[in-house]
Structure formats: C-alpha cells, structure tokens
Amino acid sequence: MQISNNTETLDFLDQVKTYFQTEKTLYGEDLYLDYDFQNLLRSESEKKRDVLLKLFFHVKECRNCDLAKSRKKFVFGSGNPSSRIMLIGEAPGANEDLQGKPFVGEAGKLLDKILAAIKLTRNDIFLTNILKCRPPQNRDPLPDEVVACESILLKQIEILKPEFILIVGRIAAHYLLKTTAPLRELRGKVVDVFNAKAIVTYHPSALLREPGLKRSAWEDVQLFQKLYEQG
Ligand code: URA
C-alpha cells in the first residue's frame, strides 16, 4: 500500500480502531478472524455479526426518546451473535450506562453465577435489554420509551433468530408476552415468543432484594437448561 496522504491514512486507522473497539464492546475480548478468504464465502455466523454490527452503528446515536439526553452510553447488548440463546432484561442501570454493556453491575454478577450453574457463560449467549438507555434513578421504563426502543430489539431478534430466550424480570416479561400478569404466574413454564421457546424468571435484582425467590429462579433456569440441551 502506498501512503500518499497522511491525514487520509490517520482517518483510516481511526476508523479501524473504532471498528475493533466496537467489536470488543459488543463481543468481548475474542477477536474473530475466521473469515473465509479463500472462496470469499462467509458463514452464517459471520454474516450475523456483520449485520448486527451495522445495526449497532445505525442506532447508537438514537434520539427517539428523552433517555438519550441523560444517557452516558447506549447499551446495545453483548455476547455471542451466533448463539441459539438470547437473554432479555429490562434496561441498563448505572454501571451499564457507564460501560456501555448489559448486566455488569451487582445484578450482572449474580446473573453470571446463575448462568454458570446451568453451564453457560455470558459469551455463550447474547444479552440485551428492552431499553437500550438508562432510565433516571433506574425507574421503570415508561410505555413511550418502550415503544420508542422496540424496533431495535425486534431487529436484533430478527438478525439473531434465537431458538431459546430467557426473559428476566417483570418489565421484559410484560412486554414480550403482552400481558400484565404477576411474574409468579408467568414463570416456570415454556412459552413461545418470536418463534423461540422462552422461559420467564425473576430478575437478578429482585433476587438480591428478596433472596426467598432464589429457589423458584433456580427451578426456572434448570428448566431452561433442559430446554436448550434437548433442543
Ligand atoms: N438490569 C437489567 O435489566 N439490565 C441490565 O443490563 C442491568 C440491570
């Protein structure tokens, strides 16, 4: 390559840097260099990665609702874009807002333990939330905010085509199942959501507040494990 214009080269390097920083935010430390250069055919998983990355760049400056004014970082989601499993939570909290990644606070630490108990890590699945920006003081998402944000989640589901979805918490369950029933009535059974088999369970923040719910959550995730191991 001939370097004719220094500014152009620096711009190009800047773009490469942004690309890899974004890859790291979305997919963690693993760098995927397994492109099939020989016949220029890309696998389904590589295509999913690319389409998801394009979606991220398309929506990361979203200003569809007022949460854009108070957010520090847009929290798109992270994990393995080729996974058959998606986990959908509520909305970023303070830590997620700072780091731009879902479930990195106290609830996230508990979630990691729950996943480990069913032989999963966050790199085996794709994690995201109903809302991509933090509501002030972690209040419940407003109906308008959910509507403003829903096209991003729907697009993510369309791209990832998950076979199994773990729905954590009331907000995600109510939105995805189009119900207002109490969570205790929604958990513990397999439901169909967007052509995926889904299970609702308690949000890890609820488990931190009310440890008595852990037993039911354990039953839910064991059922989820059975589902994806058999599926
Ligand atoms: N709670 C959620 O529902 N999602 C996060 O990303 C963090 C906390």
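We count ligands from 1, going down the list as the structure has it; atoms in each ligand are counted the same way. Residues take their numbers from the sequence shown, with the count starting at 1. Note that these values count all heavy atoms, side chains included, but never hydrogens, waters or copies made by symmetry.
The closest side-chain donor-acceptor pair between K132 and Q156 falls under 3.5 angstrom.
Within the structure, salt bridge (Lys or Arg N to Asp or Glu O under 4.0 Å) pairs that include any residue of residues 162-177 comprise R84-E163, D140-R170 (at least two apart or interchain). Sorted by first and then second residue, the salt bridge (Lys or Arg N to Asp or Glu O under 4.0 Å) pairs involving residues 85-97 (not counting sequence neighbours) form an empty list.
The 4.0 Å heavy-atom shell around ligand 1 contains residues G89, E90, A91, E96, P102, F103, N129, H203, ordered by chain and number.
No chain of hydrophobic side-chain contacts below 4.5 Å, direct or via other Ile, Leu, Val, Met, Phe, Trp or Tyr residues, connects I171 to L142.
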Could you list the donor-acceptor pairs under 3.5 angstrom formed between side-chain atoms of residues 101-109 and any protein atom two or more places apart in sequence or on another chain?
from: E106; atom 1: OE2; to: K109; atom 2: NZ; distance (Å): 2.9

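By the 4.0 Å N-to-carboxylate-O rule, K47 lies close enough to E44 to be salt-bridged with it.
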